[in-house]
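In this chain, residues are counted from 1 in sequence order. Read the numbers this way: they start at 1 and go in the same order the structure lists the ligands and their atoms.
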Amino acid sequence: MSVEKRDPHTGYLTTGHDWNGIEELNTPVPKVIYICLGLAFAFALIYWLLMPAFPLGLTYTKGLLGVSQHSLIDADLQQAQTDQQTVTSKIATLSVDEVRADAGLMHYVRATAVPIFGDNCAACHGIDAKGGPGYPNLTDNSWLWGGDADAVLETLRVGVNDEQHDDTRVSQMLAFGRDGMLDRNALLSVVTYVQSLSKPDAGTVEAIGAGREVFAANCASCHGEKGAGSIELGAPDLTDSVWLYGGDTQSVFNTVYNGRTGVMPSWEARLSDVDRKILATYVLSLGEAGQ
Ligand code: HEC
Ligand code: HEC
């Protein structure tokens, strides 16, 4: 048994152990530790009462506040959905031009259109909408079927040469060579003439002159007397330097020899009215950026 003894310097009791004259102080745990422990315990108890805490087999204690991350996420999703519905119903009632004039709506249009375009249109028109041989560039201001909102909306609705849609736009560049409508000389001269419309030094004066006659007799009915094209028939403007199928001699020859029938699917059955409007708005805004 040790004898109770107080250390004269600190005033604390010693434990009574003595190792060759070295004694051990019995320092009490500081009060602040007890206070902190008490607070932590109280906090845990209150938190447990208020918040979801203990698992109880198939369920758990829900807490007095009834907080649940599930219901928070549900509420967030619901809010996002309502916001989206407000925006889409606004887009549905406004005209494409009105939507384009509204910076806030255009922000939404771009964010929504990019994935829809990527999923449905990029395979043919390219992810940057710049097209490729046979697939029109949608970012320039050269349009086969017209570049106003109604024309683009209609193209999206009915498609081009799409047999699935009764109202589809129909366009056909005839196979003048393959079907024997023009002989080789006439073909070669009309090709030279067509090239000369955008590149005056494309051939000799004689060849261009001969081609002009072939063109007036065979091509002007669709492409116009001056070759400026027709948006009623989807016949391209041959006087600009924009080519759907290529402007080099071989490509133009192929076009006139074999004909062309571009097919653009109709989207009426696959995309909602609002989605088509969003896409048309997006596509037209690309044209503007390319100016
Ligand atoms: C299967 C390939 C294909 C897909 C997919 C496709 N297009 Fe087209 N698109 C074409 C072709 C080909 C043309 C040109 C038709 C022609 O020769 O007149 C065209 C024409 C157009 C035009 C008219 C261009 C003009 O100059 O008048 C627009 C606008 C257009 N597409 C938008 C879209 C959008 C938006 C989508 C996605 C919803 C889409 N396309 C999906 C092939 C496609
Ligand atoms: C029945 C109307 C029609 C007639 C006639 C016609 N074309 Fe076309 N042509 C078209 C259409 C429509 C296209 C677009 C085809 C497509 O988009 O797939 C086209 C496309 C072309 C193109 C491709 C342009 C490009 O940007 O790549 C050339 C070149 C062309 N025609 C030249 C001619 C010449 C030359 C003749 C006369 C020998 C002629 N066409 C007669 C309707 C016609």
Side-chain angles (χ1 to χ4, degrees), residues 113-126 129 131-149 151-162 168-177 179 181-182 186-198 211-224 227 229-249 251-268 270-271 275-284 286-287:
V114 169
I116 309 179
F117 191 90
D119 287 349
N120 298 284
C121 323
C124 291
H125 291 284
Y135 300 105
N137 182 343
L138 304 176
T139 70
D140 61 15
N141 285 300
S142 156
W143 297 93
L144 294 164
W145 299 98
D148 58 79
V152 173
L153 279 171
E154 182 68 358
T155 305
L156 289 183
R157 188 176 77 85
V158 302
V160 179
N161 294 326
D162 181 353
T168 191
R169 294 187 187 283
V170 176
S171 94
Q172 174 127 44
M173 168 63 198
L174 308 175
F176 286 91
D179 292 347
M181 287 183 273
L182 291 177
L187 284 172
L188 288 174
S189 62
V190 83
V191 166
T192 309
Y193 173 71
V194 164
Q195 288 182 304
S196 78
L197 292 173
S198 53
R212 183 180 291 118
E213 282 173 29
V214 179
F215 191 88
N218 297 279
C219 323
S221 54
C222 290
H223 289 282
S230 154
I231 55 172
E232 279 84 49
L233 302 170
D237 183 347
L238 302 174
T239 66
D240 59 16
S241 49
V242 177
W243 295 95
L244 182 55
Y245 295 101
D248 58 290
T249 308
S251 303
V252 179
F253 186 86
N254 280 345
T255 298
V256 185
Y257 189 92
N258 291 311
R260 304 277 191 189
T261 317
V263 175
M264 153 83 177
S266 91
W267 296 94
E268 190 166 33
R270 277 178 280 184
L271 295 174
D275 281 352
R276 293 201 310 277
K277 196 182 241 180
I278 287 173
L279 278 176
T281 312
Y282 171 70
V283 161
L284 286 166
L286 294 175

So the atoms of ligand 1 within less than 4.0 Å of a heavy atom of Gly134 turn out to be 12 (C)
Could you tell me which atoms of ligand 2, counted from 1 in the order shown, lie closer than 4.0 angstrom to a heavy atom of Thr261? 18 (O)
Using a 3.5 Å cut-off on N or O atoms only, is Leu144 in polar contact with ligand 1? yes
Could you count the protein N, O or S atoms found under 2.8 Å away from atom 8 (Fe) of ligand 2? 2
Tell me, which protein residue and heavy-atom name are nearest atom 27 (O) of ligand 2, and how many Å apart are they? Tyr245 N, 2.7 Å
So does Pro265 get a backbone contact from the side chain of Trp267, meaning a donor-acceptor N/O pair under 3.5 Å? yes
What residue and atom, counting heavy atoms only, is the protein's closest point to atom 41 (C) of ligand 1, and at what distance? Trp267 CZ2, 3.5 Å
For atom 17 (O) of ligand 1, grab the closest protein heavy atom and report residue, atom and distance to one decimal in Å. Gly262 CA, 3.7 Å
Under 3.5 Å donor-acceptor, Thr139 side chain and Ala129 backbone: no
Atom 18 (O) of ligand 1 sits nearest the protein heavy atom Trp145 NE1, 2.9 Å
Counting neighbours of CD on Gln172 that are heavy atoms of other residues, nucleotides or ligands and sit closer than 6.0 Å, is the number greater than 12? yes
Ignoring hydrogens and angles, tell me if any N or O in the side chain of Asp275 forms a donor-acceptor pair with the backbone of Leu271 under 3.5 Å. no
For atom 42 (C) of ligand 1, what is the closest protein heavy atom, and at what distance to 0.1 Å? Val263 O, 3.5 Å
Short N/O distance, under 3.5 Å, between Asn218 and ligand 2? no
Within the 4.5 Å heavy-atom criterion, are Phe117 and Leu279 side-chain neighbours or not? yes
If we ignore hydrogens and angles and just use 3.5 Å, is the side chain of His223 paired with the main-chain N or O of Pro236 as donor and acceptor? yes
How does Phe176 reach ligand 2, if at all, at less than 4.0 Å between non-hydrogen atoms: by side chain, backbone, both, or neither? side chain
Is the side chain of Asp140 donor-acceptor paired with the backbone N or O of Ser142 at a distance under 3.5 Å, no angle test? yes
Is a side-chain N or O of Asn258 found less than 3.5 angstrom from the main chain of Ala175, in a donor-acceptor match? no
Nitrogen or oxygen of Leu244 less than 3.5 angstrom from that of ligand 2: yes
With Pro136, the side chain to side chain contact (heavy atoms under 4.5 Å, CB included) member among Val242, Val160, Leu244: Leu244
Output yes when a side-chain donor or acceptor of Ser251 lies under 3.5 Å from a complementary backbone atom of Gly247, and no otherwise. no
Would you kindly say whether Arg157 and Ser266 are connected by a side-chain donor-acceptor distance under 3.5 Å? no
Taking 2.8 Å as the distance threshold, tell me the number of protein N/O/S atoms next to atom 8 (Fe) of ligand 1. 2
Rounded distance [0.5 Å steps], CZ in Phe253 versus CZ in Phe176: 13.0 Å
Show the atoms of ligand 2 that are less than 4.0 angstrom away from any heavy atom in Leu233. 12 (C)
Residue and atom name of the nearest protein heavy atom (relative to atom 5 (C) of ligand 1), distance in Å to one decimal: Asn120 O, 3.3 Å
With heavy atoms and a 4.0 Å threshold, my read on which part of Val191 contacts ligand 2 is neither
Of all the atoms in ligand 1, which lie at a distance below 4.0 Å from a heavy atom belonging to Leu279? 38 (C)
Ligand-residue contact atoms, ligand 2 with Ser171, heavy atoms, under 4.0 Å: 12 (C)
Val194 vs Phe215, side-chain contact (heavy atoms from CB on, under 4.5 Å): CA-CA, chis, key distance, verdict: CA-CA 8 Å; Val194 164; Phe215 191 88; 4.1 Å; yes
Might you point out which heavy atoms bring Val252 and Gln195 nearest each other, and give the distance in Å? CG2-CG, 4.4 Å
Close side-chain approach of Asp162 to Met264, heavy-atom, < 4.5 Å: no
Any sub-3.5 Å donor-acceptor pair from Asn161's side-chain atoms to Gly262's backbone N or O? yes
Donor-acceptor contact below 3.5 Å, side chain Ser198 vs main chain Ser241: no
Ligand 2 atoms nearer than 4.0 angstrom to some heavy atom of Val194 are 35 (C)
Is it true that the NZ or CZ of Arg212 lies under 6.0 Å from the centre of Tyr193's six-membered ring and within 45 degrees of the ring axis? no
